[in-house]
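Below is one structure, written out as structure tokens; the observations come after it.
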Amino acid sequence: MTRNSVAAWVRLIFVFVLMTGFSLVLIPVQLAALRYRKPLARRIARTWHKTALALIGVRVKTSGAPYAGRPVLIVSNHVSWSDILVLGSRLEACFIARSDMETWPVLGQLAKLQETVFVNRGRKGQSRAQADAIAERLVKGDAMVLFAEGTTGDGVQLLPFKSALFGAVHAALDKAGLDEIVVQPVALAYTRLHGMPLGRFHQARAAWPGVIALWPHLFSFVADGAYDAEIVFCTPMTFSRDTPRKEMAEVTRQAVRQAFSNTMRMR
């Protein structure tokens, strides 16, 4: 075993032990907060994400500001499982995740503690029901984060945005009796590792395409540590019930694509 591999294992154990202890302390508090004080639950989740990133060694830089009003749907590109930590460290928000994440060991349970909405994008017949579930949370005042590509990419280019869950905007307008709702595009990129630009070739170290097993990538990411991630909060957009879902998907994608391209170009 090389010195580097020993150091990686020491780092993994260190992060695992500290995060396990920290989580065991916070979980009972979070359960109580979810029942009695929802705003506190959002702050606890954000603290957990910030602590996890600090232990791993990920630094987050932001441009722009998250929309403070409610309801708001936050639409982001998707690079890796770690996007939830990165965005969760800067937002008091809940996430919309694919249904199989609900069964993941440990991570699935943690996602439930943050009141994640799980959706099955493969079942088109459920799109309306899933959009209604998201709309209900929006109307209640939760900021919801939608990874509109529907899967993780390669960290170099954006995939098309899926329009189905943008139906949550129309459903929320109907439920709340509103004329308009705010959608904020957000671009997320991993730009450096140990201070050196990742570039196109090394994006694979941060990105987690779905064809790669989760746990090996998670261990590798934590062992690497010292990533720089950048979030760009784009100008919020207002949509009405007359705006087609596909138009919403395309307009927000163009905003995210532009911000993402600018971020990668500057690095």
Go through the structure and list residues passing salt bridge (Lys or Arg N to Asp or Glu O under 4.0 Å) with Arg257, not counting sequence neighbours.
none
Please give me the minimum heavy-atom distance between Glu115 and Arg137, naming the atom from each residue.
O-NH2, 2.8 Å
From Met19 atom CE to Trp48 atom CH2, the distance as rounded to the nearest 0.5 Å:
4.5 Å
Would you kindly confirm whether Phe16 and Ile27 end up in one hydrophobic cluster when ILVMFWY residues are joined by side chain heavy atoms under 4.5 Å apart?
no
Does CZ belonging to Arg70 count more than 12 external heavy atoms closer than 6.0 Å?
yes
Using side chain to side chain donor-acceptor pair (under 3.5 Å) as the criterion, list what pairs up with Asp132, not counting sequence neighbours.
Arg128
Output all residues satisfying side chain to side chain contact (heavy atoms under 4.5 Å, CB included) with Val29, sequence neighbours left out; order by chain, then residue number.
Ile44
His170: which residues meet the ring-ring contact (aromatic ring centres under 6.0 Å, His included) condition with it, sequence neighbours left out?
none
Shortest non-hydrogen contact from Ser89 to Leu53?
OG-CD1, 3.5 Å
Going by the rule side chain to side chain contact (heavy atoms under 4.5 Å, CB included), which residues pair with Thr235 if we only count those two or more places apart in sequence or in a different chain?
none
Taking Asp228 first and then Lys61, would you say they form a salt bridge - that is, a charged N and a carboxylate O separated by under 4.0 Å?
no
4.5 Å side-chain heavy-atom contact, Leu85 and Val58:
no
Leu173 backbone acceptor or donor facing Arg241 side chain under 3.5 Å
yes
Would you say that Ser76 contacts Leu87 through its side chain, given a criterion of any heavy-atom pair below 4.5 Å between the two side chains?
yes
In Å, rounded to the nearest 0.5 Å, how long is the span from CG of Leu138 to CD1 of Ile181?
5.0 Å
Would you check if Phe95 and Phe147 make a side-chain contact, meaning some heavy-atom pair closer than 4.5 Å?
yes
pair Ile96-Leu73: side-chain heavy atoms closer than 4.5 Å
yes
Is there a donor-acceptor contact under 3.5 Å from the side chain of Arg46 to the main chain of Gly88?
no
Arg245: what forms a side chain to side chain donor-acceptor pair (under 3.5 Å) with it, not counting sequence neighbours?
none
Restricting to side chain to side chain contact (heavy atoms under 4.5 Å, CB included), what partner residues turn up for Lys246, sequence neighbours left out?
Ser163
Report yes or no: do Val169 and Leu178 belong to one cluster of Ile/Leu/Val/Met/Phe/Trp/Tyr joined by side chain heavy-atom distances under 4.5 Å?
yes
I'd like to check the ring-ring contact (aromatic ring centres under 6.0 Å, His included) partners of Phe118; sequence neighbours left out, ordered by chain and number.
none
Where do Gly225 and His194 come nearest, in terms of heavy atoms and distance?
O-NE2, 4.1 Å
How long is the span from the CD atom in Gln254 to the CG atom in Leu158, to the nearest 0.5 Å?
9.5 Å
Whether the side chain of Asp142 engages the backbone of Met144 through a donor-acceptor N/O pair (distance < 3.5 Å, no angle test) should be reported.
no
Which is it for Phe239 and Glu180 under the side chain to side chain contact (heavy atoms under 4.5 Å, CB included) test, yes or no, and what are the steps along the way?
CA-CA 5 Å; Phe239 293 115; Glu180 297 177 326; over 6 Å; no
Apply side chain to side chain contact (heavy atoms under 4.5 Å, CB included) to residues Phe166 and Thr243 and explain how you reach the verdict.
CA-CA 10 Å; Phe166 280 87; Thr243 310; over 6 Å; no
Inter- and intrachain pairs under side chain to side chain donor-acceptor pair (under 3.5 Å), touching residues 203-226, at least two apart:
Trp81-His217, Arg205-Asp224, Asp224-Tyr227
What closest approach, in Å, do Ala172 and Ala135 show between heavy atoms, and which atom pair accounts for it?
N-CB, 3.3 Å
Calculate, to the nearest 0.5 Å, the distance between atoms OG1 and CG belonging to Thr191 and Leu198 respectively.
7.0 Å
Listed by chain and number, what are the side chain to side chain donor-acceptor pair (under 3.5 Å) partners of Ser82, not counting sequence neighbours?
Ser80, Tyr190
Between Met248 and Ser240, which heavy-atom pair has the shortest distance, and what is it?
CE-O, 4.4 Å
With rounding to the nearest 0.5 Å, note down the distance linking OG1 in Thr263 to CD1 in Ile231.
10.5 Å
Ile74-Val139 co-clustered via ILVMFWY side chain contacts under 4.5 Å
no
Check side chain to side chain contact (heavy atoms under 4.5 Å, CB included) between Gln258 and all other residues, then give those that pass, not counting sequence neighbours.
Asn262
Once you round to the nearest 0.5 Å, how far does CG of Leu159 lie from OG1 of Thr152?
8.5 Å
Between Val156 and Asp154, which heavy-atom pair has the shortest distance, and what is it?
N-OD1, 2.9 Å
Main chain of Tyr67, side chain of Gln184: is a donor-acceptor contact present, judged purely on distance under 3.5 Å?
yes
A side-chain contact here means heavy atoms from C-beta on lying under 4.5 Å apart; do Pro66 and Arg90 qualify?
no
Can you give the donor-acceptor pairs under 3.5 Å from side chains of residues 104-114 to other protein atoms, not counting sequence neighbours?
{"residue": "Trp104", "atom": "NE1", "partner": "Asp100", "partner atom": "O", "Å": "3.4"}
{"residue": "Gln114", "atom": "OE1", "partner": "His49", "partner atom": "NE2", "Å": "3.3"}
{"residue": "Gln114", "atom": "NE2", "partner": "Ala93", "partner atom": "O", "Å": "2.9"}

If hydrophobic clusters are built by linking Ile, Leu, Val, Met, Phe, Trp and Tyr wherever their side-chain heavy atoms come under 4.5 Å apart, do Phe260 and Val232 end up in the same one?
no
Do Val222 and Phe14 share a hydrophobic cluster (ILVMFWY, side-chain heavy atoms under 4.5 Å, transitive)?
yes
Side chain to side chain contact (heavy atoms under 4.5 Å, CB included) between Leu146 and Phe161, intermediate numbers included:
CA-CA 10 Å; Leu146 170 65; Phe161 279 11; over 6 Å; no
